[in-house]
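For reference, the structure discussed in these notes is given below.
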Protein chains: 2
Amino acid sequence: MSPDDHHRIETIALLEGTPPHVGRLLAEAAEIRALAAGELAFVAGQRPQFLHLILSGRLALIGEGAGAETMVEAFGEGEALLTPAVVLDRLYLLSARAMIDSRLAAIPAESFRALLDREPALARAVVTQLARHWRVLIRQIKDLKLRAGAQRLASYLLAQDRDRSGRIYLLMERRLLARRLGMTPEHLSRAFAQLRPFGVAAVGRAVTISDESGLRRFCDYDAVT
Amino acid sequence: MSPDDHHRIETIALLEGTPPHVGRLLAEAAEIRALAAGELAFVAGQRPQFLHLILSGRLALIGEGAGAETMVEAFGEGEALLTPAVVLDRLYLLSARAMIDSRLAAIPAESFRALLDREPALARAVVTQLARHWRVLIRQIKDLKLRAGAQRLASYLLAQDRDRSGRIYLLMERRLLARRLGMTPEHLSRAFAQLRPFGVAAVGRAVTISDESGLRRFCDYDAVT
DNA sequence: CGGTTGTTTGAGGACGTTCAAGTACTGTGG
DNA sequence: CCACAGTACTTGAACGTCCTCAAACAACCG
């Protein structure tokens, strides 16, 4: 492993607040996996062999069932993939697929669990990370149950980061975004059309919103993070 | 507080594996709240003042938005309510309503967070609890995105506990179950009708399944917990 | 027993999917 | 640089699922 990778693992967001030797131990136990876009890091039903940390790139968590496939959430640099399955030593409920070329640090599951028991600061850091992700999932469940498709799209757009000029760059192709939002690509296309009256203009992956407060009202946006 | 309540807090499932003094400290900091059926423990948008542990009874987590209301999940004796909001000190995303008369132990949020930083075993126990709940939410998201209403009902029924004779007792009225499953009460009624060919017979809150393997196939049941 | 609340059934409509075709991208080799 | 293939996105029509509204029915509680 390169010193650069070593450093990236030690300073990963998950470990914020932990003493330096925790990162060092994890980095020593880790091996690096490079994934090309489209490759799987693991698949649902497997027993977790590693805790995967994303060093660079972006991965989608994919759920399968009833003959279809959906995307639950996407994670980028600095995030850990499916800590719960690793912590509990249970079968994965989801698969992970690289959306773009990515590099992962794979920490043997057993080592991670052992360290979790031994290092209070690590356990504390994992609590924070799980709590954050928990709230992301809750928001998604609320969206799916309470909002119609176009409202979910509006909600999603309003939550995205903007550049200086207020433009949003979509982090994934629309086919995948559709599945993240719980609809078909066809319906997503129509949902974008529904948002045009609020000044939502999409050119490729760039999206602009001119009537933001109108859009907020349209989807009953909840800004709480 | 009664010695009985004290004991119940100390032996609550969340604290499994923690040394005795953790339970004692939490019990000393806690106050008891009795809720009548229908009363709210807290509401979405509030800043968490307490971590609530359910000593007895059952509470539903309610999400509001877009002019409607839904039930995300229900929790019973021994469970903690919305640990993530308390841990992160963020506004609640959900409200909690007592489904039946219930008793809660309310631990001041600040005390809980302090203890979480100080007691490694508590942090470790919270990791386990959050990880378990995380997987419950993932299953729900997969259900909502991948399965139709009747399939979600089938899936839900197959996951419920049975008594010796294989009967299921629904833990809530159907109106609420409908919202848990992401549908209207009317649709739930029709979903039960759709499951009759698989021998799903409902009498009041008792449900029997005669063709379990057929039902499993119908909803592509995933038994992984 | 009547009032209240919860559940079922029916009819009509809105939302979302499927299937199919057409249109824009994107990258490759000539 | 263009032609081309392959892929993604859009649009349209038909269908299915699910919701709304309304009414009948059942269960529960004073």
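Hydrogens, waters and symmetry mates are skipped; everything else that's a heavy atom, side chains included, is used. Per chain, numbering begins at 1; letters A, B, ... match sequence-line order. Just so it is clear, the model here is predicted, and its values are computed rather than measured.
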Test your reading of the model: is there a side-chain donor-acceptor pair from B/D220 to the backbone of A/A66, 3.5 Å cut-off? yes
Nearest whole angstrom, please: distance from the P of D/dC19 to the CG of A/L146. 12 Å
Could you state the atom-to-atom distance from CZ of A/R147 to P of D/dC19 in whole Å? 17 Å
Tabulated below should be each protein N or O lying under 3.5 Å from an N or O of nucleotides 5-8 of chain D; please produce it.
residue: D/dA8; atom: OP1; partner: A/R175; partner atom: NH2; Å: 2.9
residue: D/dA8; atom: OP2; partner: A/R175; partner atom: NH2; Å: 3.4

Taking all non-hydrogen atoms of both residues, which atom of A/S102 and which atom of A/G57 are closest, and how far apart? OG-CA, 3.4 Å
Closest heavy-atom pair, B/R135 versus A/L91, reported as atoms and distance to 0.1 Å, is NH2-O, 2.8 Å
Can B/T83 and A/W134 be said to form a side chain to side chain contact (heavy atoms under 4.5 Å, CB included), step by step? CA-CA 10 Å; B/T83 322; A/W134 208 87; over 6 Å; no
A/E73/A/R180 ion pair, N-O < 4.0 Å: yes
Are there over 12 heavy-atom neighbours, none belonging to B/R47, within less than 6.0 Å of that residue's CZ? no
Charged N-O contact under 4.0 Å between B/R139 and B/D143: no
To the nearest 10 degrees, the angle between the two end axes of the helix from C/dC1-D/dG30 to C/dG30-D/dC1 (five pairs per end) comes to 40°
So which protein nitrogen or oxygen atoms get under 3.5 Å of nucleotides 23-30 of chain D's nitrogens or oxygens?
none

Give me the residues of residues 56-73 of chain A where at least one heavy atom lies under 4.0 Å from an atom of DNA chain D, by number, or none. none
Indicate yes or no for a side-chain donor-acceptor contact from A/R179 to the backbone of A/P185 under 3.5 Å, with no hydrogens or angles considered. no
Within a reach of under 6.0 Å around CD of A/E39, are more than 12 heavy atoms found that belong to other residues, nucleotides or ligands? yes
Considering all heavy atoms of both residues, which atom of B/L59 and which atom of B/A41 are nearest to each other, and what is their separation? CD2-CB, 4.0 Å
Run A/I138 and B/L82 through side chain to side chain contact (heavy atoms under 4.5 Å, CB included) and show every step you take. CA-CA 10 Å; A/I138 289 293; B/L82 295 192; 5.6 Å; no
For A/G63, is there any backbone N or O sitting under 3.5 Å from a side-chain donor or acceptor partner on B/K145? no
Scan the side chains in residues 148-164 of chain A for donor-acceptor partners under 3.5 Å anywhere in the protein, sequence neighbours excluded, and list what turns up.
residue: A/Q151; atom: OE1; partner: A/A148; partner atom: N; Å: 2.9
residue: A/Q151; atom: NE2; partner: A/F218; partner atom: O; Å: 3.0
residue: A/R152; atom: NE; partner: A/L181; partner atom: O; Å: 2.6
residue: A/R152; atom: NH1; partner: A/R147; partner atom: O; Å: 2.9
residue: A/R152; atom: NH2; partner: A/L181; partner atom: O; Å: 3.1
residue: A/R152; atom: NH2; partner: A/G182; partner atom: O; Å: 3.1
residue: A/R162; atom: NE; partner: A/Q160; partner atom: O; Å: 3.2
residue: A/R162; atom: NH1; partner: A/E212; partner atom: OE1; Å: 3.1
residue: A/R162; atom: NH2; partner: A/L158; partner atom: O; Å: 3.1
residue: A/D163; atom: OD1; partner: A/S165; partner atom: N; Å: 3.1
residue: A/D163; atom: OD1; partner: A/S165; partner atom: OG; Å: 3.1
residue: A/D163; atom: OD1; partner: A/G166; partner atom: N; Å: 3.1
residue: A/D163; atom: OD1; partner: A/R167; partner atom: N; Å: 2.8

A/I62 backbone acceptor or donor facing A/E69 side chain under 3.5 Å: no
At a heavy-atom distance below 4.0 Å, what parts of residues 180-195 of chain B sit against DNA chain D? B/G182, B/M183, B/T184, B/E186, B/H187, B/R190
Between A/R179 (CZ) and C/dG16 (P), how many Å, whole number? 14 Å
Looking at A/A37, is its backbone amide N or carbonyl O close enough to the side chain of A/D101 to form a donor-acceptor pair, meaning the two atoms are under 3.5 Å apart? yes
